[in-house]
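One structure is given below, encoded as structure tokens.
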Amino acid sequence: MASTHPDAIHRALDTLWRMESPRLLARIARMTGNIDTAEELAQDVLLGALERWPRDGLPDTPAAWLMTAARHRAIDHLRQRALHARKHDAFGIERELHGADMQGDEAPDKADDDIGDDLLRLLFVACHPVLPMESRVALTLRLLGGLSTPEIARAFLQAEPTVAQRIVRAKRKLSKEAVAFEIPRKAELPERLDAVLEVLYLVFNEGYAATGGEDWMRPALCEEALRLGRVLVGLLPDQAEVFGLLALMELQASRIPARTEADGTPILLPEQNRARWDRLQIQRGLAALERAQRLGGAGGAYALQAAIAACHARALRMEDTDWPRIAGLYAQLVQVMPSPVVELNRAVAVSRAQGAAAGLTIVDALEDAGQLRDYAPLPAVRGDLLRQLGRLDEARNAFELAASLTANARERAVLLARAQACDEPGGPR
């Protein structure tokens with residue numbers, strides 16, 4: 001183990017845990033067959049690392065250390081379970097059912113399933129039809145997306161206590177119904193697919209534009225959602241919306257290298273250096289979008305969003321963007337996926353295609369409806385449109401309101417800078 005200052009080790013472990021805990025949870029759950037047990041044992045692994053790493057130093061391969069510790073905890077649990085039941089042969093059965101992880105790192109995975117990826121497998125398990133859709137999504141975001149309850153609440157535009165209770169009730173329901181930790185067969189996957197896709201979509205969005213914390217983005221979440229999306233299209237090659245979601249994520253992720261300065265300062269779309277966009281990733285996204293359309297999914301929610309992202313990807317300069325087409329696609333999307341957030345995005349596209357006044361009419365209607373009362377992007381968009389119309393005092397107030405509503409430190413700094421710029425010659429960019 002490498003020697004490192006304890007404070008640095010704690011910081012490293014905190015970062016690593018956010019990235020690796022979903023994988024540990026998925027591996028333990030597959031071995032033990034129980035989500036609650038997996039959560040408890042995963043916490044034991046974290047406590048063990050907090051105790052040992054500051055004393056012994058950072059492991060050479062920290063992620064592998066955590067995974068090995070997780071596997072050992074699961075094996076110990078299975079042994080104790082068999083011992084307490086006085087059924088020593090039960091341990092042999094457990095080895096047969098979950099044994100690939102109990103026989104060392106080099107043993108092949110012999111789990112009898114059609115998925116083959118621990119994290120994606122647990123995603124389908126947690127999205128069990130016995131739970132209401134919103135409960136499935138909230139539970140899997142918490143367990144496998146690694147999102148906190150406040151982050152999930154912001155994603156749903158709901159109060160934290162509401163989301164917390166939804167997660168508790170979901171676990172209680174699974175326990176009450178004695179839902180086995182089953183591996184769904186391919187024939188059973190489609191009925192869980194909508195929730196799985198929504199989870200991947202929300203996890204990616206949290207990575208692409210973090211709702212809280214000090215960083216503008218959390219790229220590790222984007223990467224994990226993309227990885228699972230790529231696995232999923234191989235698993236379900238005839239599902240148009242799977243390709244639509246993958247296309248959307250690939251196209252959006254292609255911009256990540258251009259979305260921040262070296263110090264993490266956000267760069268908004270109009271100011272981005274498009275030469276830094278990942279052209280190979282754009283091609284992958286366009287290919288996935290074409291596949292979704294060939295499968296008859298051009299009008300699906302994810303494919304429509306991917307088509308919007310494709311309009312941006314194809315524009316080599318901001319002024320080349322086909323805003324009328326984007327506005328039209330948003331008009332279709334709001335019919336397929338009615339949402340005030342989608343309508344807000346449509347307002348931006350309309351403002352680009354028809355002028356700031358046309359966009360502001362839509363934004364004012366949204367403000368009057370009150371559904372986005374605590375949603376920072378609403379006053380942020382309103383501030384930008386007011387600034388374009390020369391109503392700088394109102395624009396400054398809108399930017400300041402948006403800054404007070406966001407939980408992301410980087411976004412708050414950008415909004416306050418835009419508010420301040422309303423008092424300067426030339427106004428904000």
Side-chain angles (χ1 to χ4, degrees), residues 8 10-26 42 46 62-63 66 119-120 122-123 137-158 160 163 167 196-232 245-246 248-269 272 276-278 281 285 302 305 309 341 375-377 380 402-403 405-415:
H10 280 289
R11 289 194 298 271
L13 179 56
D14 181 65
T15 300
L16 184 65
W17 189 254
R18 288 180 70 92
M19 295 172 58
E20 297 296 329
S21 59
R23 290 188 182 90
L24 302 183
L25 180 63
L46 175 60
L66 292 172
L119 200 56
L120 190 59
L122 186 53
L123 193 59
V137 174
L139 178 62
T140 48
L141 282 173
R142 182 73 187 93
L143 295 177
L144 302 178
L147 273 63
S148 67
T149 300
E151 288 168 342
I152 298 170
R154 286 192 289 270
F156 278 114
L157 301 179
Q158 294 179 349
E160 290 181 33
V163 172
I167 293 170
V196 168
L197 293 180
E198 186 171 354
V199 168
L200 292 183
Y201 175 72
L202 292 173
V203 168
F204 182 88
N205 283 348
E206 178 62 26
Y208 190 74
T211 56
E214 298 297 320
D215 297 319
W216 179 244
M217 295 183 294
R218 294 167 61 184
L221 288 179
C222 294
E223 292 168 7
E224 189 59 37
L226 270 167
R227 185 186 72 81
L228 293 175
R230 291 164 184 159
V231 173
L232 199 54
L245 177 58
L246 180 61
L248 173 61
M249 294 192 296
E250 296 278 16
L251 291 167
Q252 294 288 80
S254 72
R255 301 183 212 160
I256 287 177
R259 294 189 75 232
T260 59
E261 304 281 4
D263 64 357
T265 300
I267 305 174
L268 302 182
L269 181 62
Q272 286 175 17
R276 296 187 62 201
W277 288 3
D278 188 330
Q281 195 158 33
Y302 299 119
Q305 291 176 81
V341 174
Y375 187 60
L405 291 175
T406 183
N408 185 280
R410 294 285 188 179
E411 183 179 28
R412 186 182 306 112
V414 168
L415 291 166

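What you see is a predicted model, and the numbers here were worked out from it, not measured in a lab.
- Side chain to side chain, Asp263 and Thr265 meet the donor-acceptor criterion of an N or O pair below 3.5 Å.
- Distance check: Leu232 CG to Leu246 CG gives 9.0 Å after rounding to the nearest 0.5 Å.
- Annotation: side chain of Leu66 is not in contact with side chain of Arg23 (no heavy-atom distance under 4.5 Å).
- The two residues Pro62 and Leu16 have their closest heavy-atom pair at CB-CD2, 3.4 Å.
- We find the CD-CG distance between Glu198 and Leu202 to be 5.5 Å, quoted to the nearest 0.5 Å.
- Under the rule for a salt bridge (Lys or Arg N to Asp or Glu O under 4.0 Å), the partners of Arg230 that lie at least two apart in sequence or sit in another chain are Glu250.
- Within the model, atoms CG of Leu200 and CG of Asn205 stand 11.0 Å from one another, a figure rounded to the nearest 0.5 Å.
- Nearest heavy atom pair, residue Val163 against residue Ala153, reads CG2-CA, 3.7 Å.
- Taking the centre and axis of the six-membered ring of Tyr208, the NZ or CZ atom of Arg259 falls inside the cone set by 45° and 6.0 Å.
- With hydrogens and angles disregarded, a donor-acceptor distance shorter than 3.5 Å links the side chain of Ser254 to the backbone of Leu251.
- Rounding to the nearest 0.5 angstrom, the gap separating the CG atom in Leu248 from the CZ atom in Phe204 is 6.5 Å.
- The side-chain hydrogen bond (donor to acceptor under 3.5 Å, both in side chains) check on Glu223 picks up nothing, with sequence neighbours excluded.
- For the pair Gln272 (side chain) and Ile267 (backbone), a donor-acceptor distance under 3.5 Å is present.
- Taking each heavy atom of Ala380 and Ala402 in turn, the nearest pair found is N-CB, 3.7 Å.
- Between Gln252 atom CD and Gln281 atom CD the span is 10.5 Å, to the nearest 0.5 Å.
- The CG atom of Leu13 lies 5.5 Å from the CG atom of Leu46; values are rounded to the nearest 0.5 Å.
- Partners of Tyr375 under the ring pair (Phe, Tyr, Trp, His ring centres under 6.0 Å) rule, at least two apart in sequence or in another chain, do not exist in this structure.
- Between Ala253 and Leu226, the closest heavy-atom pair is CB-CD1, 3.7 Å.
- Nearest heavy atom pair, residue Ile152 against residue Ala138, reads CD1-O, 3.7 Å.
- Residues Gly207 and Leu221 share a closest heavy-atom pair of CA-CB, 3.8 Å.
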